[in-house]
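From a predicted model like this one, the values you see are computed outputs, not experimental measurements. Numbering of ligands and ligand atoms starts at 1, following listing order.
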Amino acid sequence: MSNFPKDFLWGGAVAANQCEGAYKTDGKGMSLVDILPDAHHGRWDALMHPKEAEKTTYDFYPSHESIDFYETYEEDLELMAEMNFKVFRTSISWPRIFPNGDDLEPNEEGLKFYDRLFKKCRDLGMELLVTINHFDTPLALFDKYNGWENRKLVDLYLKYCEVLFKRYKGIVKYWITFNEINMLLHIPFLGAGMDVSGLDENDALQKKYQAAHHQLVASAKAVKMAHTIDPDCQVGCMLAAGEVYPNTPNPKDVWAAVESNREGYFFIDVQARGYYPNYALSFFDQNNIKLEMESGDLEALKDTVDFVSFSYYSSRLISADPEVSAETGAGNVFNNLKNPYLKTSSYGWQTDGLGLRITMNNIWDRYQKPLFVVENGMGEKDVLTDDHKVHDDYRIEYLKENIVEMDKAIEDGVICLGYTSWGCIDLISAGTGEMAKRYGYIYVDRDNDGNGTNKRYRKDSFDWYKQVIKNNGI
Ligand code: P53
């Protein structure tokens with residue numbers, strides 16, 4: 001027996017910029033990620049100094065072709081249907097719809113692609129969970145406005161939203177306004193299309209929270225707009241989650257964990273409760289951050305989300321002691337310590353299934369809104385055997401551990417709409433730009449340099465996940 005409700009939405013997740021390729025096809029404009037190289041050619045440096053990166057010519061841009069999902073989506077979706085997917089999470093590429101971000105009219109050819117893609121999903125019996133902005137703000141808006149630093153982006157985003165909500169009314173049931181909204185504090189280029197390099201810490205913080213305010217207002221207004229245009233759709237926020245644990249019972253470590261958890265919850269507190277929490281106002285005061293607001297902004301924030309979605313890869317670990325913190329950590333972005341109780345993948349990410357149960361319970365207790373686990377998974381180097389098999393027992397083990405704990409969270413009383421594991425088909429890694437860091441049930445024969453047949457193969461985890469869905473989590 002499992003505790004998953006009968007209508008639990010099992011499926012998988014991808015993002016346009018990491019799988020579609022076709023970076024100039026049918027009138028698409030350049031997106032932020034289209035100027036980035038892979039990890040072996042300085043991706044991290046490029047993410048932190050995007051203005052410099054834009055002036056640099058790299059040998060290879062992984063997003064330009066990616067896995068060519070733009071061409072192969074039909075057969076790819078058929079494989080997902082074969083695994084019994086009930087839902088498919090993808091994103092819409094903003095620069096396919098508005099190539100320069102501020103065009104007067106949307107690009108009809110770009111919309112037609114999503115018409116076809118969504119129709120195919122629906123024909124295969126899958127619901128759609130669609131992220132409106134997943135790291136691919138039009139590059140032109142970075143050039144012109146330094147992205148979300150500028151208030152202008154709110155109106156441009158809402159214009160884009162209006163096109164989507166009207167066109168996909170009755171077709172897309174679940175919308176997510178911003179992928180991992182808290183990522184803008186860690187990778188401002190991906191999260192908010194802005195460059196804050198060269199600024200002192202305080203100025204950078206000021207700009208990041210101003211951008212956050214713009215996204216929070218845009219998100220709340222999008223919720224209201226979506227409900228007006230299509231009363232049957234649901235709109236969610238999305239957090240890069242993972243409970244932060246204190247390194248020791250030293251209250252200083254515990255307090256550091258409280259503050260670190262709040263750094264992410266800050267966004268969801270606003271999106272799910274409808275106002276700025278006191279600890280944030282105090283933080284702004286202490287750091288001399290002054291948000292510019294328009295009259296009506298605080299009122300607009302009151303339109304809260306219908307569900308709270310999040311990515312969960314692992315828990316995190318923090319210490320208040322600078323000497324301990326200086327030790328190398330696990331994971332790439334959040335700079336956390338390595339937890340000695342957990343297994344570590346070859347990419348340094350750790351497995352903590354119970355951490356998912358803890359995270360789900362905490363988010364549920366905080367908001368009392370339905371949850372949606374929209375990313376979870378293990379990025380590993382897979383080996384394709386001569387007979388075209390991939391024996392990814394490590395991935396099955398990771399997913400099993402997490403799904404078992406998700407089941408327990410539901411038993412604890414958490415309401416959860418569904419689970420879409422990340423990168424259900426191998427795609428380009430956001431952090432490293434590699435093909436080699438694979439999450440899929442479906443193997444794609446393409447390497448870090450873009451070589452390979454681009455053929456698809458079912459991994460061992462494919463058959464396993466198919467059974468998990470068939471048996472509703474047992
Ligand atoms: P990758 C880290 C870096 C960038 C994006 O990450 C991230 C994270 C992890 O929290 O968030 C999500 O590909 C993101 C996806 C991404 C996935 O994590 O670096 O929403 O776009 O691919 C996995 O291994």
Side-chain angles (χ1 to χ4, degrees), residues 12-20 31-33 36-40 43-48 50 62-63 66-67 69 89-93 129-137 176-193 236-244 260 263-264 267 309-316 329-336 344-352 355-356 359 372-382 395 398-399 402 420-440 444 448:
V14 299
N17 77 83
Q18 290 170 257
C19 69
E20 286 177 2
S31 94
L32 300 177
V33 298
L36 298 174
D38 73 350
H40 309 286
R43 187 177 183 90
W44 189 255
D45 217 40
L47 284 169
M48 292 303 130
S63 72
S66 187
I67 60 160
F69 183 73
R89 175 182 177 225
T90 189
S91 67
I92 292 179
S93 159
L129 168 62
V130 176
T131 316
I132 297 167
N133 188 5
H134 191 130
F135 300 160
D136 58 0
T137 297
I176 292 171
T177 52
F178 292 93
N179 182 63
E180 295 190 332
I181 190 164
N182 51 322
M183 193 58 84
L184 81 79
L185 298 177
H186 304 275
I187 312 182
F189 183 58
L190 287 187
C237 54
M238 202 290 204
L239 173 73
E243 183 70 15
V244 184
S260 179
E263 189 184 80
F267 294 87
S309 77
F310 61 91
S311 61
Y312 176 86
Y313 291 92
S314 185
S315 56
R316 298 165 197 157
N332 56 1
V333 178
F334 293 92
N335 202 18
N336 47 305
T344 307
S345 77
S346 66
Y347 280 92
W349 291 29
Q350 298 194 292
T351 303
D352 183 8
L356 175 58
T359 301
F372 210 136
V373 184
V374 299
E375 284 184 33
N376 175 240
M378 178 183 232
E380 261 302 351
K381 292 192 173 78
D382 290 336
R395 180 168 296 110
Y398 173 99
L399 292 165
N402 280 269
T420 56
S421 65
W422 175 250
C424 45
I425 181 166
D426 291 346
L427 37 62
I428 301 295
S429 156
T432 72
E434 290 173 301
M435 231 4 257
K437 192 180 184 193
R438 298 167 184 275
Y439 288 84
V444 176
N448 283 346

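Atoms of ligand 1 found under 4.0 Å from any heavy atom of Y313 (numbered from 1 in listed order, with element): 17 (C), 18 (O), 23 (C). Residue K437 approaches ligand 1 through these ligand atoms, each under 4.0 Å from one of its heavy atoms: 1 (P), 19 (O), 24 (O). Distances below 4.0 Å separate heavy atoms of G431 from the following atoms of ligand 1: 1 (P), 13 (O), 19 (O). The distance from ligand 1 to the heavy atoms of S429 drops below 4.0 Å at these ligand atoms: 1 (P), 13 (O), 19 (O), 24 (O). The H134 neighbourhood of ligand 1 comprises atoms 15 (C), 20 (O), 21 (O), with distances under 4.0 Å to a heavy atom of that residue. The A430 neighbourhood of ligand 1 comprises atoms 1 (P), 4 (C), 5 (C), 13 (O), 16 (C), 19 (O), 21 (O), 22 (O), with distances under 4.0 Å to a heavy atom of that residue. For ligand 1 and W349, the ligand atoms under 4.0 Å from any heavy atom of the residue are 6 (O), 9 (C), 24 (O). The ligand atoms of ligand 1 that sit less than 4.0 angstrom from a heavy atom of Y439 are 1 (P), 6 (O), 23 (C), 24 (O).
Of the inter-residue distances, the one linking D352 atom CG with R316 atom CZ reads 11.5 Å to the nearest 0.5 angstrom. We find the SG-CD1 distance between C19 and I428 to be 10.0 Å, quoted to the nearest 0.5 Å.
Any N or O atom pair closer than 3.5 Å counts here, and T432 shares no such pair with ligand 1. When only interatomic distances are considered, the shortest N/O to N/O separation between S311 and ligand 1 does not fall below 3.5 Å.
At a threshold of 4.5 Å between non-hydrogen side-chain atoms, the residues N179 and N133 do not count as touching. Proximity of T131 to M238: side-chain heavy atoms (C-beta onward) are nowhere separated by under 4.5 Å.
A donor-acceptor contact shorter than 3.5 Å links the side chain of S345 to the backbone of W349. In this structure, the side chain of E380 engages the main chain of S346 through a donor-acceptor pair within 3.5 Å.
Under a 4.0 Å N-O distance rule, the pair D382/R395 qualifies as a salt bridge.
Between V33 and L190, the shortest heavy-atom contact is CG1-CD2, 3.9 Å.
Contact analysis puts F135 in contact with ligand 1, with a non-hydrogen atom separation below 4.0 angstrom.
Residue-level proximity to ligand 1 for N179 is carried by the side chain, the only part with a heavy atom below 4.0 angstrom.
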